[in-house]
Amino acid sequence: MARVFVYGTLKRGQPNHKVLLDPTNGRAAFRGRGRTLEPYPLVIAGEHNIPRLLNLPGQGRLVLGEIYAVDERMLSFLDEFEGCPDVYQRTPVQVAVLEWEGARGAPEETPAADGTLQCFVYSTVTYAPEWVRLPHHDDYDFQGEHGLRYNPRENR
């Protein structure tokens, strides 16, 4: 099982969370909530108002998200779903665990003694230069105060 940190439309209560629940895509188990150890620019960009984590560590804000344990099938599905490697790239990120519901025993399932985990995250290095100047967010909600309506895939 691999760990994936999700920060946008894949989180619980968000429009694309259903893909993590669909067993035909593989297995995904919620393990907890966390925050990136380094700041990143989380912006809402493009014609469909998609949350995008720009791969610029050290810039932006500490980003809140959810941690999932996923099997190889789900990881492959997420790669395709996220347009990896063309749109997003799956990269490792260090996450500070804020809440943990995962198994406690298996070393690969347990946060380190300092409360951190390494997870995969879908971030991007392929973006319009002006996106860096968009407002940076620390927590995404498609109905947030930002007022930018997400356009679901099925409507595009």
Side-chain angles (χ1 to χ4, degrees), residues 1-46 48-127 131 137-142 150-156:
M1 299 287 275
R3 288 186 298 262
V4 176
F5 179 76
V6 300
Y7 55 84
T9 65
L10 290 171
K11 294 189 309 183
R12 295 180 294 183
Q14 301 303 307
N16 291 322
H17 181 68
K18 61 187 175 277
V19 304
L20 292 176
L21 304 176
D22 185 344
T24 62
N25 298 331
R27 287 190 12 220
F30 177 79
R31 292 297 185 235
R33 294 184 62 245
R35 179 175 39 229
T36 58
L37 277 183
E38 285 191 90
Y40 287 86
L42 171 57
V43 300
I44 302 169
H48 302 295
N49 292 320
I50 297 170
R52 302 173 191 264
L53 190 72
L54 307 185
N55 194 349
L56 294 169
Q59 299 182 36
R61 298 182 176 190
L62 300 177
V63 176
L64 293 165
E66 297 174 350
I67 302 160
Y68 288 84
V70 301
D71 66 6
E72 279 298 319
R73 189 161 143 198
M74 180 61 77
L75 196 59
S76 293
F77 170 83
L78 289 172
D79 282 352
E80 184 176 325
F81 185 81
E82 298 289 4
C84 186
D86 300 324
V87 178
Y88 290 95
Q89 297 78 44
R90 178 169 31 107
T91 57
V93 66
Q94 285 295 117
V95 174
V97 176
L98 303 175
E99 297 172 18
W100 188 250
E101 295 180 13
R104 293 254 181 224
E108 67 277 3
E109 284 287 323
T110 306
D114 64 359
T116 64
L117 284 173
Q118 182 168 299
C119 301
F120 287 122
V121 68
Y122 290 92
S123 62
T124 185
V125 295
T126 53
Y127 53 86
W131 289 3
H137 303 273
D138 57 5
D139 192 12
Y140 175 80
D141 187 315
F142 80 109
Y150 173 73
N151 185 21
R153 289 170 178 248
E154 55 270 15
N155 295 345
R156 298 180 203 164

(request) For Arg73, enumerate each residue passing the side-chain hydrogen bond (donor to acceptor under 3.5 Å, both in side chains) test, keeping only those at least two apart in sequence or located in another chain. (result) none
(message) Working to the nearest 0.5 angstrom, can you tell me the gap between Tyr68 OH and Met1 CE?
(response) 12.5 Å
(request) Look up atom CG in Leu64 and atom CG in Asp141, then write down how far apart they are to the nearest 0.5 Å. (result) 12.0 Å
(message) Testing the basics here: between Leu62 and Pro39, what is the closest heavy-atom pair and its distance to 0.1 Å?
(response) CD2-N, 3.5 Å
(message) Between Tyr7 (side chain only) and Tyr122 (backbone N and O only), is there a donor and an acceptor less than 3.5 Å apart?
(response) yes
(message) Quick one, Val4 and Cys119 - any side-chain contact, counting heavy atoms below 4.5 Å?
(response) no
(message) To the closest 0.5 Å, what do you measure between CD1 (Ile67) and CD (Glu99)?
(response) 10.0 Å
(message) Looking at Pro15, is its backbone amide N or carbonyl O close enough to the side chain of Thr9 to form a donor-acceptor pair, meaning the two atoms are under 3.5 Å apart?
(response) no
(request) Can you sort out the partners of Arg27 under side-chain hydrogen bond (donor to acceptor under 3.5 Å, both in side chains), two or more places apart, ordered by chain and number? (result) none
(message) Taking Gln94's backbone N and O only, do any of them form a donor-acceptor pair with Thr116's side chain (distance below 3.5 Å, no angle check)?
(response) no
(request) Evaluate whether atom CZ of Arg90 has more than 12 neighbouring non-hydrogen atoms of other residues, nucleotides or ligands under 6.0 angstrom away. (result) yes
(message) Check this for me, if you would: do Asp139 and Arg33 make a salt bridge, where the nitrogen-to-carboxylate-oxygen distance has to be below 4.0 angstrom?
(response) no
(request) Determine the minimum heavy-atom distance between Gly46 and Trp131, stating which atoms define it. (result) N-CZ2, 3.8 Å
(message) For a 4.5 angstrom cut-off between non-hydrogen side-chain atoms, does Asp138 reach Val63?
(response) no
(message) Working note: Val121 + Thr91, criterion side chain to side chain contact (heavy atoms under 4.5 Å, CB included); need CA distance, chi angles, decisive distance, verdict.
(response) CA-CA 6 Å; Val121 68; Thr91 57; 3.7 Å; yes
(message) Is any side-chain heavy atom of Arg31 closer than 4.5 Å to one of Arg3?
(response) no
(request) Indicate whether the side chain of Tyr88 and that of Asp79 have a donor and an acceptor atom separated by less than 3.5 Å. (result) no
(message) Within the structure provided, determine whether Val6 and Leu78 are in side-chain contact (heavy-atom separation under 4.5 Å).
(response) no
(request) Check the pair Gln14 / Tyr140 against side chain to side chain contact (heavy atoms under 4.5 Å, CB included), numbers first and verdict last. (result) CA-CA 9 Å; Gln14 301 303 307; Tyr140 175 80; 3.7 Å; yes
(message) Testing the basics here: between His137 and Val43, what is the closest heavy-atom pair and its distance to 0.1 Å?
(response) CD2-CA, 4.3 Å
(message) Test your reading of the model: is there a side-chain donor-acceptor pair from His17 to the backbone of Leu10, 3.5 Å cut-off?
(response) yes
(request) Starting at CG of Leu20, measure out to CZ of Phe30 and round the result to the nearest 0.5 Å. (result) 11.0 Å
(message) Are there over 12 heavy-atom neighbours, none belonging to Gln118, within less than 6.0 Å of that residue's CD?
(response) yes
(message) If you define the side chain from C-beta out and look only at heavy atoms, does anything of Trp100 sit under 4.5 Å from Leu117?
(response) yes
(message) Just so I know, are the side chains of Tyr40 and Asn55 near enough to count as touching, which here means a heavy-atom distance under 4.5 Å?
(response) yes
(request) Using a 4.5 Å cut-off on heavy atoms from C-beta on, say whether the side chain of Phe142 contacts that of Asn49. (result) no
(request) Could you tell me whether the side chain of Asp71 and the main chain of Gly26 form a donor-acceptor pair under 3.5 Å? (result) no
(request) Grab the two heavy atoms, one from Val19 and one from Met74, that are nearest each other, plus how far apart they are. (result) O-CE, 3.5 Å
(request) Check the pair Phe5 / Thr36 against side chain to side chain contact (heavy atoms under 4.5 Å, CB included), numbers first and verdict last. (result) CA-CA 9 Å; Phe5 179 76; Thr36 58; 3.8 Å; yes
(request) Apply side chain to side chain contact (heavy atoms under 4.5 Å, CB included) to Leu56 and list each qualifying residue two or more places apart in sequence or on a separate chain. (result) Pro41, Leu54, Gln59, Tyr127, Val132
(message) Are Arg61 and Leu42 packed together at the side-chain level, in the sense that at least one heavy-atom pair is separated by less than 4.5 angstrom?
(response) no
(request) Give the C-alpha distance, both sets of side-chain angles, the deciding distance and a yes or no for side chain to side chain contact (heavy atoms under 4.5 Å, CB included) between Thr126 and Gln89. (result) CA-CA 9 Å; Thr126 53; Gln89 297 78 44; 3.8 Å; yes
(request) State, to 0.1 Å, how close Leu75 and Ala2 come at their nearest heavy-atom pair, and which atoms those are. (result) CD2-CB, 4.1 Å
